[in-house]
Q: 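Here you go, one structure.
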Amino acid sequence: MDITVPCRVLLIEDEPGDAHLIRSTLGVGQSVNFDITWSTTLAEARALLHDGPPPDVLLVDLSLPDSNGLETVHACRQAAGPLPIIVLTGRDDTDFALRTLDFGAQDYLVKGCFDTESLIRAIRYAISRARLEHRLHDSEQFAISTIDALSAHICVIDLSGRIVIVNQAWRNFYEKNFPGHSDSSPGTNYLAVCDKATGPGSEQAASMAAGIRSVIEGERDTFVMEYPCHSKTEQHWFVARVTRFQTDNRYAVVSHQDITDRKLAEARDNLLVAALEAVSHGVVITDTKARIEWVNPAFETLTGYTLEEAIGFRPTELVKSGIQDEEFYQNLWQTILNGETWHGELINRRKNGSLYHEEFSIAPVRDENGVINHFVGVKLDISERKRLEAELWEMATTDVLTGLFNRRHFMARLAEELARLQRLEHHHVSVLMLDIDHFKLINDTYGHAVGDEMLKHIAGLMHHELRRIDTIGRLGGEEFSIFLSGTDLAAAVVFADRLRQKIADMPLRIDGQSISATVSIGIAAMEISDTQADAVLIRADHALYRAKSSGRNRVKVTC
């Protein structure tokens, strides 16, 4: 967020005292200038969202005069569209917090448990995540727009059959052969046109409608049909293909490829080459031994290998990264040798050595006797999509300050470990609750910036001590939790005491100062009888309380 541009906040809170506190909390922030609009009811908030300038973020109390609980989250999500929502409530309940996130909130803060910096961080995170999701949506829309470069007649339809967009080739064909014909334009229901067809061609139209519905309803991945389509002056044959979008299942692509030349002159190979040359996806044709016979220019751009360099080699000899194991390729070969199409994602290597994520489809081609004589592969670089997905995943699972798992993701991993414990005999899981002793004094003495550095410092010390099978998360404030998979209480106590001592012995060094800190640790064993993952956290928290009551900087095990 830019300090020179006010961050617009819509605060929905019916308690004047709480509203004043929140406004005061944001008012003392030095890093961001906030423009706060206050509404006391859901109805008033709806009106502001409808008529006023859109806010950057919504801060929502769940108990309003005209709405309450999860209904408030749901109603705000409907009214706010993609705008980020942060729930502010007095209810400190992990399960309920997770449910508000499922209903569309970006974050959940308990009143009285956050300060200016933590509230500003939550707002930054919510806005950043909403913008990232919008960028991902824009990238998908860009993918749709590229259909205009293809030579096939292509339209995109929604699940009702309504035409959303057509490419230039589609428009040119209908303007030339059916001038004044409006049943092919965006807004027209393609299925309805097929259903109403009469006379010559009505049988093909009925088959086309049935094929489109089979793809839309998920009965098949792709529908293909060849059919004649003659005008008064010309004869044409087409092959129609209907496919669901890979990245957005709300749409399907209907393409009509002219195969007149193939029908009239058996020039199938030339026609296919011309079509494949035009597409933006990389295309490779191999013999049955996987030796390359032809690649299109998009393949050359994607991999860095020219047609001359690629011919005679197997794709794995050119672009194999070594990341996929032999079993991966064995499964691929078994699929295509069985006459089926293989589709998946993998990581390959370009000629210059750089790695990229690829979406790859390979299908067998049969001769007139039904014998497989070639394979055709289609490649798409999805590196940018994977990068955005990874960034979204990190934002959704990671605590912004420390880089550890956030509370929500830690609880999900803890639930998975409970299921594993209940499934495996003789499996042990120990859970640690850690709290930085006198952390408020550190903040009050040195300031919140140093407090944040202390949190990161201790998080790093703890993370360094963990094995790959252990999991650590920041549950909030100065509170952390670790679960040790395959570790009983005795071993957990040894680990915890070593960790406690390490933290005590390694102060934070910042701005020429050496600031020491200690932690109190409570330990509990996960039990097969636990019905919820947070049951063991409650026991560990009780042990933590005993550690603090006994003087801090010590380890206690639940009774």
Side-chain angles (χ1 to χ4, degrees), residues 1-29 31-93 96-114 116 118-138 141 158 160 187 250 395-396:
M1 293 184 287
D2 187 349
I3 190 172
T4 63
V5 179
C7 177
R8 296 188 301 275
V9 177
L10 176 56
L11 173 61
I12 310 174
E13 169 62 69
D14 66 326
E15 289 292 333
D18 287 347
H20 176 73
L21 180 61
I22 293 169
R23 298 180 76 166
S24 299
T25 300
L26 291 176
V28 299
S31 60
V32 184
N33 181 23
F34 290 94
D35 180 6
I36 304 173
T37 301
W38 176 31
S39 67
T40 59
T41 66
L42 180 61
E44 183 181 358
R46 281 196 179 111
L48 289 170
L49 288 168
H50 183 269
D51 299 326
D56 296 303
V57 65
L58 281 71
L59 304 182
V60 182
D61 179 26
L62 297 186
S63 298
L64 300 173
D66 53 349
S67 183
N68 186 56
L70 294 174
E71 176 186 349
T72 303
V73 182
H74 179 68
C76 286
R77 173 50 63 215
Q78 288 186 318
L83 297 176
I85 296 172
I86 298 176
V87 170
L88 302 178
T89 178
R91 183 173 178 179
D92 189 3
D93 183 331
F96 184 77
L98 294 176
R99 293 185 67 192
T100 64
L101 299 179
D102 291 335
F103 269 70
Q106 267 69 36
D107 209 341
Y108 181 101
L109 300 179
V110 179
K111 293 178 180 178
C113 297
F114 58 84
T116 297
S118 59
L119 180 55
I120 291 176
R121 279 198 302 271
I123 291 173
R124 286 180 184 274
Y125 166 79
I127 293 174
S128 297
R129 181 177 178 185
R131 288 174 177 171
L132 184 61
E133 290 172 340
H134 182 69
R135 286 170 54 199
L136 184 60
H137 175 74
D138 284 348
Q141 296 306 307
D158 62 20
S160 70
R250 297 172 300 171
M395 292 182 67

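The first residue of the sequence shown is numbered 1, and numbering continues consecutively from there. Every heavy atom of this structure was used, including side-chain atoms; hydrogens, water molecules and symmetry mates were not.
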Q: I need the minimum non-hydrogen distance between L49 and P55, along with the two atoms involved.
A: CD2-CD, 3.7 Å
Q: A97: which residues meet the side chain to side chain contact (heavy atoms under 4.5 Å, CB included) condition with it, sequence neighbours left out?
A: Y108
Q: Considering the options I22, T37, D56, L59, which one meets the side chain to side chain contact (heavy atoms under 4.5 Å, CB included) requirement together with V9?
A: L59
Q: Mind checking what makes salt bridge (Lys or Arg N to Asp or Glu O under 4.0 Å) contact with R121, not counting sequence neighbours?
A: D452
Q: Write down the atom of V110, the atom of R91, and the distance for their closest heavy-atom approach.
A: CG2-O, 4.0 Å
Q: Does any part of the side chain of V60, heavy atoms only, come nearer than 4.5 Å to the side chain of V73, both counted from C-beta?
A: no
Q: Take F96 and L62 through the test side chain to side chain contact (heavy atoms under 4.5 Å, CB included) and record every step on the way to the result.
A: CA-CA 12 Å; F96 184 77; L62 297 186; 3.4 Å; yes
Q: Considering residues at least two apart in sequence or located in another chain, which fulfil the side chain to side chain contact (heavy atoms under 4.5 Å, CB included) criterion with H20?
A: S24
Q: Restricting to side chain to side chain contact (heavy atoms under 4.5 Å, CB included), what partner residues turn up for D35, sequence neighbours left out?
A: P6, R8
Q: Has the side chain of T25 got a donor or acceptor atom that lies under 3.5 Å from a matching backbone atom of T116?
A: no
Q: Taking it one step at a time, do L26 and C7 satisfy side chain to side chain contact (heavy atoms under 4.5 Å, CB included)?
A: CA-CA 11 Å; L26 291 176; C7 177; over 6 Å; no
Q: Please list every donor-acceptor pair under 3.5 Å in which a side-chain atom of residues 75-86 meets a protein atom from a residue at least two apart or in another chain.
A:
from, atom 1, to, atom 2, distance (Å)
R77, NE, G104, O, 3.3
R77, NH1, G81, O, 2.4
R77, NH1, L83, O, 2.8
R77, NH2, L83, O, 3.3
R77, NH2, G104, O, 2.6
R77, NH2, Q106, OE1, 3.2
Q78, NE2, H74, NE2, 3.4

Q: Who are the side chain to side chain contact (heavy atoms under 4.5 Å, CB included) partners of E15, not counting sequence neighbours?
A: E13, D18
Q: Is the closest side-chain heavy-atom distance between T100 and L70 below 4.5 Å?
A: yes
Q: Closest heavy-atom contact between L42 and D66?
A: N-OD1, 2.9 Å
Q: Is it true that a side-chain atom of E44 and a backbone atom of T40 form a donor plus acceptor pair closer than 3.5 Å?
A: yes
